[in-house]
Amino acid sequence: CATALSAAAAYAADGVSRILDRGRDGDVYYYEVLCEDGSRGSIQVSDDPPNTCAHSTTLAGLCKADWSLRDAARRICE
């Protein structure tokens, strides 16, 4: 429980409320991002080639090979 609280506090500092796993289709993983301000976005992570893409109403498909989920979520919620 302390780990979950620590993670929640760390995300809140970035404006990120939650990152929700929405499943996998082939070699692409899908996540939904909920921001502290009520906005939302999505992240797609592919294995081959390795790439992480962030999408929101203000961010149209920005992709980086070296992004973590947290990096992409932070970008969505800025």
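In what follows, residues are counted from 1 in the order of the sequence shown.
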When every non-hydrogen atom of A54 is compared with those of A72, the smallest separation belongs to CB-O, 4.0 Å
Nearest heavy-atom contact between P50 and A65 is O-CB, 3.6 Å
Rounded to the nearest 0.5 angstrom, the SG-CD distance for C63 and Q44 is 8.0 Å
Would you check, one step at a time, whether the test side chain to side chain contact (heavy atoms under 4.5 Å, CB included) holds for S42 with E32?
-> CA-CA 5 Å; S42 63; E32 182 177 6; 5.7 Å; no
Exercise: identify the closest heavy-atom pair between A73 and I43 | N-CD1, 3.7 Å
Where R74 and V16 come nearest, the two heavy atoms and their spacing | N-CG2, 3.9 Å
When rounded to the nearest 0.5 angstrom, what is the spacing between CD1 in I19 and OH in Y31?
-> 9.0 Å
Can you name the nearest heavy-atom pair linking R40 to S56, along with the distance?
-> O-CB, 3.8 Å
Search all heavy atoms of I76 against all heavy atoms of H55 and return the closest pair with its distance.
-> CD1-O, 3.9 Å
Looking only at atom types and distance, does a side-chain atom of S46 sit under 3.5 Å from a main-chain N or O of D48, one as donor and one as acceptor?
-> no
Qualifying residues under side chain to side chain contact (heavy atoms under 4.5 Å, CB included), relative to E78, sequence neighbours excluded | R75
V45 and its side chain to side chain contact (heavy atoms under 4.5 Å, CB included) partner, picked from D27, N51, T52 | T52
Is a donor on one side and an acceptor on the other found under 3.5 Å between the side chain of D37 and the backbone of S39?
-> yes
Does the R24 side chain pair with the main chain of G26, one donor and one acceptor, at a distance under 3.5 Å?
-> yes
Chi angles and distances behind the side chain to side chain contact (heavy atoms under 4.5 Å, CB included) call for D25, Y30 | CA-CA 8 Å; D25 185 11; Y30 295 90; 3.8 Å; yes
With hydrophobic residues grouped by side-chain heavy-atom distances under 4.5 Å, do L69 and L34 end up in a single group?
-> no
Would a 4.5 Å heavy-atom cut-off, applied to side chains only, mark Y29 and D21 as touching?
-> no
